[in-house]
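Have a look at the structure below before the remarks.
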Amino acid sequence: MDANTQMNGAILQVDHLSMKFGGLVAIGDLSFTAKRGEITALIGPNGAGKTTVFNCITGFYKPSEGMITLNRADGSSYLLERLPNHEIPARAKVARTFQNIRLFSGMTLLENLLVAQHNKLMKASGYTVLGLFGFPSYRQASAESIELARHWLEKADLVDRADDPAGDLPYGAQRRLEIARAMCTGPELLCLDEPAAGLNPKESAALNELLMDIKNTSGASILLIEHDMSVVMQISDHVVVLEYGRKISDGNPQSVRTDPRVIAAYLGVDDEEVETVLTEVGDEDVIEQLDTGPDAAHGPGTSASYLAGPVSDTVGHSEGERVTVSKGASKAAQIDARAVTVASKAVVAKPEQATKPAPAAKPVAKAAAKKPAAKAPAAKAEGVSNRLAAPRGGKADNLTRIKGIGAVNEKKLNEHGIFHFDQIGAWKKADVEAAEAYLAFDGRIAREDWVKQARLLAQGKDTEFSRRVDAGKVATSHASAKSAGATSGKTAAAKPATGKRGGGK
């Protein structure tokens, strides 16, 4: 691979990484890529294996299986799992910070940053006492180190406290100092383990500013572990999501944010953001199911992460411990299993129809006349009965004005020929079953009363939820909720554009 390709491609490539501790599989067959010049976030609940991945990348652990390739800007490549620990920062130019701050609290800020450059200073001294005699080569290296330390103190907004002990800094400033110290090693890949942990909103904003500056001006790429979604969604270019040591989602922040498996698993979502995220994909009802917390009889204690899921048993072995996780623990796996079940039902439905016509061969005219009623199951396999090839008048209604239909479900409905409120309002039981088959959930249409909502909206009337959408309080895929929500033809005429609101006093 030439240097130009590497400059524009992946700086880090993880292939089929596995890490086992005795019988416990902490990471299972993980593959992902971090691109050069981007911020890649690794998110997931406590115990998902994020820090274990970092420890494998930075040499603290040697993985059980897999490859970790670091491509430097000069065209050289390194297999990190084969490098000795001390050569990963020196040759591969990988630096990291830790969940717990590890500064030299008794040293000044400047001294902390000079310690990070000790290799350069030792080399300039010839690994002897020449530095004590002020040789020119050492004086030059010392001046360059001080200038580099000053540069990163300014970037971290800490230059005014350069001579203060590091232990006297506020917590947020210590986080920034630790990142500045890591940058003094000249890394091409900076690995940050929960840099925003414990920060208040003001400190998080300062951290975001520093990380964006590093990305835009230093040439370093960033791989970070973070639970604070305000940080992840604002600064990340790429997000990888883990659950129980396996990857369940990989993409840009928006695609990950709306992935049903990620939502179901609560990966990296703060309590305040759960309702927002679920509403965006039209899954508000899931809140009530997830708000109940874990089963006290089988789940973790109150001091543990509520994201970990129920653990059924812990069995000791001579080689170590193996933690057996119950089948229902992985919420992302439940989403996958449900999708497989729905797909298998659709496949089974077709052979059943092939066997149905056999009894219809009875030589009775009445039996033939009654046959159309027996074709109801066909609607479930093929789709709802009132599908359209395209929206009437070339413009679809804003279906997200129906509570329970978010942008994702609206897209699925449109793909299956459902564009207008009156179509949903006319659904019968067979149509509802057919719709639920390809929307991959059971009973929800009746539970949220889509049909009743659609009938009201088709008549030009509002619902409490549609008013929230129109007021911009609920995310919608339409540029103008009100104009998109108005139906075409006679429905548009039935509802005045400004009669109810917008006209002022």
Side-chain angles (χ1 to χ4, degrees), residues 37 39 58 72-74 85-196 199 203 205-224:
I39 297 178
T58 54
R72 288 194 56 187
D74 61 7
N85 296 4
H86 66 279
E87 291 189 4
I88 291 178
R91 294 177 59 191
K93 295 298 180 182
V94 177
R96 76 168 291 179
T97 64
F98 297 85
Q99 290 183 19
N100 298 320
I101 294 175
R102 300 189 180 184
L103 295 171
F104 299 104
S105 59
M107 291 184 176
T108 66
L109 275 63
L110 178 62
E111 289 169 341
N112 268 274
L113 269 58
L114 291 177
V115 167
Q117 304 175 67
H118 73 281
N119 281 339
K120 178 171 63 177
L121 294 172
M122 288 296 292
K123 185 177 181 180
S125 70
Y127 301 97
T128 64
V129 295
L130 294 181
L132 297 175
F133 300 103
F135 274 61
S137 60
Y138 183 83
R139 288 202 306 271
Q140 181 180 352
S142 179
E144 290 174 354
S145 297
I146 293 173
E147 184 59 31
L148 180 61
R150 178 183 177 84
H151 169 77
W152 283 110
L153 285 173
E154 288 178 346
K155 292 284 189 182
D157 195 22
L158 296 171
V159 70
D160 292 339
R161 304 196 62 175
D163 295 324
D164 292 347
D168 290 351
L169 290 178
Y171 188 78
Q174 289 188 30
R175 283 287 185 190
R176 298 199 303 277
L177 177 62
E178 192 173 36
I179 294 172
R181 183 177 65 178
M183 289 305 299
C184 283
T185 66
E188 292 192 20
L189 179 65
L190 177 63
C191 299
L192 306 176
D193 195 347
E194 297 193 32
L199 303 189
E203 291 170 336
L207 174 68
N208 285 0
E209 185 177 347
L210 175 59
L211 296 184
M212 290 302 295
D213 188 45
I214 290 173
K215 169 191 169 183
N216 295 329
T217 63
S218 72
S221 306
I222 298 175
L223 177 65
L224 65 89

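Nothing here was measured: the structure is a model prediction, and the numbers come from that model.
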Find the distance between CD1 (I222) and CG (L211) and round it off to the nearest 0.5 Å. 5.0 Å
At what distance, to the nearest 0.5 angstrom, does CG of D168 lie from CZ of R161? 6.5 Å
When rounded to the nearest 0.5 angstrom, what distance separates CG in L177 from CG in L103? 5.0 Å
How long is the gap from CG on D213 to OG on S218, to the nearest 0.5 Å? 7.5 Å
Nearest heavy-atom pair of V115 and F104: which atoms, and what distance? CG1-CE1, 3.7 Å
Would I214 and W152 count as a side chain to side chain contact (heavy atoms under 4.5 Å, CB included) if you check the C-alpha gap in whole Å, the side-chain angles of each, and the deciding distance to 0.1 Å? CA-CA 10 Å; I214 290 173; W152 283 110; 3.8 Å; yes
In this structure, CG of L109 is separated from CG of L169 (nearest 0.5 Å) by 4.5 Å
L207 side chain near I179 side chain, heavy-atom distance below 4.5 Å: yes
With sequence neighbours excluded, residues passing side-chain hydrogen bond (donor to acceptor under 3.5 Å, both in side chains) with E209: none
Backbone N/O of D164 and side chain of T108: donor-acceptor pair under 3.5 Å: no
Those residues that, when tested against T58, pass side-chain hydrogen bond (donor to acceptor under 3.5 Å, both in side chains) (two or more places apart): R96
Could you grab the distance from atom CD1 of I39 to atom CG of N216, nearest 0.5 Å is fine? 8.0 Å
Is the number of heavy atoms from other residues, nucleotides or ligands within 6.0 Å of CG (N100) greater than 12? no
Listed by chain and number, what are the ring-ring contact (aromatic ring centres under 6.0 Å, His included) partners of F98, not counting sequence neighbours? F60
Taking atom types as modelled, find out whether E144 and Q140 have a side-chain donor-acceptor pair closer than 3.5 angstrom. yes
By side-chain hydrogen bond (donor to acceptor under 3.5 Å, both in side chains), R175 pairs with (sequence neighbours left out) Y171
Going by atom type alone, with no hydrogens or angles, which donor-acceptor pairs under 3.5 Å involve a side-chain atom of residues 86-93 and a protein atom two or more places apart or on another chain?
unit_1	atom_1	unit_2	atom_2	d
E87	OE1	R91	NH1	2.7

Looking at every non-hydrogen atom in both residues, tell me the closest pair between D157 and R176 and how far apart they are. O-NH2, 4.2 Å
Checking side chain to side chain contact (heavy atoms under 4.5 Å, CB included) for the pair D160/L153: CA distance, chi angles, key distance, verdict? CA-CA 8 Å; D160 292 339; L153 285 173; over 6 Å; no
Which donor-acceptor pairs under 3.5 Å do the side chains of residues 181-195 make with protein atoms, sequence neighbours left out?
unit_1	atom_1	unit_2	atom_2	d
R181	NH1	R102	O	3.1
R181	NH2	R102	O	2.5
T185	OG1	A182	O	2.6
E188	OE1	R36	NH1	3.4
E188	OE1	A73	N	2.9
E188	OE2	R72	NE	3.1
E188	OE2	R72	NH2	3.4
D193	OD2	T51	OG1	3.2

